[in-house]
Amino acid sequence: MASLPLTQPLTITGSSTTTSLCPFPRNNSILNTKRREAHVRRSLSSNAGSEEASSQWPQLGKVDRRNVLLGLGITGVGSNPLAMADPIAAPDLTKCGNAELSDGTVLPVDCCPPTALEIIDFKPPPFTKLRVRPVAHKVDKEYIAKYNKALSLMKALPDTDPRSFSQQADVHCAYCNSAYDQTGYPGVELQVHNSWLFYPFHRWYLYFYERILGKLIGDPTFAIPFWNWDHPDGMKMPSMFTSDTSSALYDVNRSPSHQPPYVIDLDYSPSQDAGKPAKPYKQQVDENLTTMYKQMVSGANTQSLFFGGDYRAGEPPENSPGSVESRPHIPLHIICGNENNKNGEDMGNFYSAGRDPLFYCHHGNVDRMWSLWKQLPGKKKNDITDPDWLNATFLFYDENAKLVRVKVAGCLDTKKLGYVYEQVDLPWLKKKPKSKKVAKLAVGAAIAAESTKGLTPLSAFPIALKKAITVKVPRPKKGRSKAEKEEEEEILVIEGIDYDKSTAVKFDVYVNDEDEAGPEKSEFAGSFVTVPHNTKNKEKTYTKLKLGITELLEDVGADDDEDVLVTLVPKSGNVTVGGVKIVYEY
Ligand code: C2O
């Protein structure tokens with residue numbers, strides 16, 4: 001198991017109003033101009049600080065580094081070890097630019113933080129008591145009042161204070177809507193989604209948000225709540241965020257149709273579900289639990305499946321998203337944002353997501369999934385050891401408004417950061433999808449029948465997904481033993497995905513299926529799903545979707561087959577797919 005000791009044993013229970021665009025208070029040009037000038041004024045001194053700090057962190061040059069690593073026998077995970085470059089470095093705040101939207105009407109959104117004279121390398125402050133992040137739907141009135149007070153104080157700070165709520169919200173915009181280029185690689189965008197940076201970036205982000213709130217109310221034990229959407233009791237927006245419109249926790253830019261008692265759909269896609277009646281409660285809960293099982297258990301058997309693809313200095317972003325990042329993380333963003341707002345503000349678009357206090361509660365649970373995953377059985381369910389991941393850095397302002405540099409390696413153990421999550425049972429742990437359980441003969445016949453319906457040849461890729469297509473994909477290995485399966489996960493790779501970044505995009509993937517009926521079935525392998533965000537990369541960025549299918553193939557009785565039929569079903573947005581293949585990965 002991973003370094004995290006299992007001091008919190010897992011509990012397993014039975015299976016079982018049209019508004020216009022939100023106001024952009026800081027988007028007036030006067031303020032923007034002032035901030036730009038401030039950036040320029042401070043750039044010299046800030047650079048000095050940054051050089052001084054980085055000299056304490058010597059880094060090997062590319063070639064040296066690779067030789068050293070190979071000499072030590074250290075190889076990368078889940079990808080070509082020879083591809084090792086350098087870790088993604090913290091952005092240069094003095095070079096922060098405008099993060100415009102990509103929907104045609106350019107809204108000048110200034111997400112840039114103030115610059116600072118000094119950058120401090122983060123050291124965890126001493127604490128006497130672990131902060132316990134509570135389940136949002138179970139907290140009492142006192143807790144809600146305390147959080148409301150803390151957030152009110154944060155919202156009352158001047159916009160120029162990096163700890164103010166508007167600045168906190170903009171942290172997300174800057175790191176996600178291409179306000180930064182990668183340090184040392186002008187023109188190459190820095191992006192913290194769709195790669196292995198997703199979990200550590202958001203963990204650090206929440207850490208400082210929580211510490212600032214605690215400082216504002218003079219309570220260093222204050223811990224933010226988490227939205228327990230993986231549990232039937234937590235499958236609606238937590239009421240502390242919705243029931244009191246005068247609360248600091250309330251946000252007007254939320255979906256009117258997904259307010260409680262609406263039961264969230266962890267597999268939601270916008271165009272498919274608009275206007276449709278909700279599914280019966282029991283069915284929705286069961287589907288959600290199966291989705292959780294797939295994303296945390298059967299579909300997350302390797303580090304790259306769980307964390308997402310590697311992302312190194314100088315490389316284009318958006319290599320491939322991790323399982324939970326895809327679903328349910330993205331569908332929940334879309335569900336919460338106001339569908340009547342042009343860009344889905346707030347939660348439905350990365351640039352504005354941090355403006356909704358519910359964002360931090362949602363991400364609390366995403367962060368908790370990282371802690372939980374490492375405690376699940378499976379020898380590969382532990383943290384990545386690739387130095388390019390461990391040494392990647394970000395910048396945040398801390399509770400004392402000091403600019404600090406943090407490393408991925410510094411956030412792997414939440415206890416070292418002073419917090420843990422309240423323990424609740426995990427009903428999805430035993431929620432395997434319904435197995436097809438049909439005779440081998442019947443499966444063969446079904447596939448043969450399907451084949452005559454007109455398969456799309458692999459040679460036809462790249463294909464714009466306008467309607468569902470089915471392709472026959474060869475399996476390089478068949479009839480693998482249990483030991484072989486434990487050693488190597490069979491992975492379905494949908495590669496060369498090019499998609500419209502200005503809208504929410506979703507397509508579903510089925511294996512050996514006839515009716516594409518949804519997430520509760522074993523044939524449902526997963527989805528590609530995105531939140532609108534901008535990219536300045538003028539060249540195309542191709543993304544991969546990787547789906548672990550070892551257990552799925554057992555469930556559908558395809559273990560010994562030479563091929564599988566893969567069906568891609570478009571749900572929303574414009575997508576082109578470059579190809580489909582099967583690989584095996586440690
Ligand atoms: Cu940075 Cu939920 O996204």
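All ligand and atom numbering here is 1-based and tracks the order in the structure.
Relative to the six-membered ring of Y419, R133 meets both conditions, a distance below 6.0 Å and an angle of at most 45° to the axis. Geometrically, R163 does not engage F165 in a cation-pi contact defined by less than 6.0 Å to the ring centre and at most 45° from the axis.
Taking distances strictly below 2.8 Å, the protein N/O/S atoms close to atom 1 (Cu) of ligand 1 are H172 NE2, H193 NE2, H202 NE2.
In summary, an N, O or S atom of H333 is located under 2.8 Å from atom 2 (Cu) of ligand 1.
When the side-chain contact (heavy atoms from CB on, under 4.5 Å) test is applied to P162, the partners found at least two apart in sequence or on another chain are P114, Y397, A401. With sequence neighbours excluded, the residues satisfying ring pair (Phe, Tyr, Trp, His ring centres under 6.0 Å) with Y360 are Y205, Y209. With sequence neighbours excluded, the residues forming a ring pair (Phe, Tyr, Trp, His ring centres under 6.0 Å) with F528 are Y499, F507, listed by chain and number.
Using modelled atom types, no side-chain atom of Y421 and backbone atom of V135 make a donor-acceptor pair closer than 3.5 Å.
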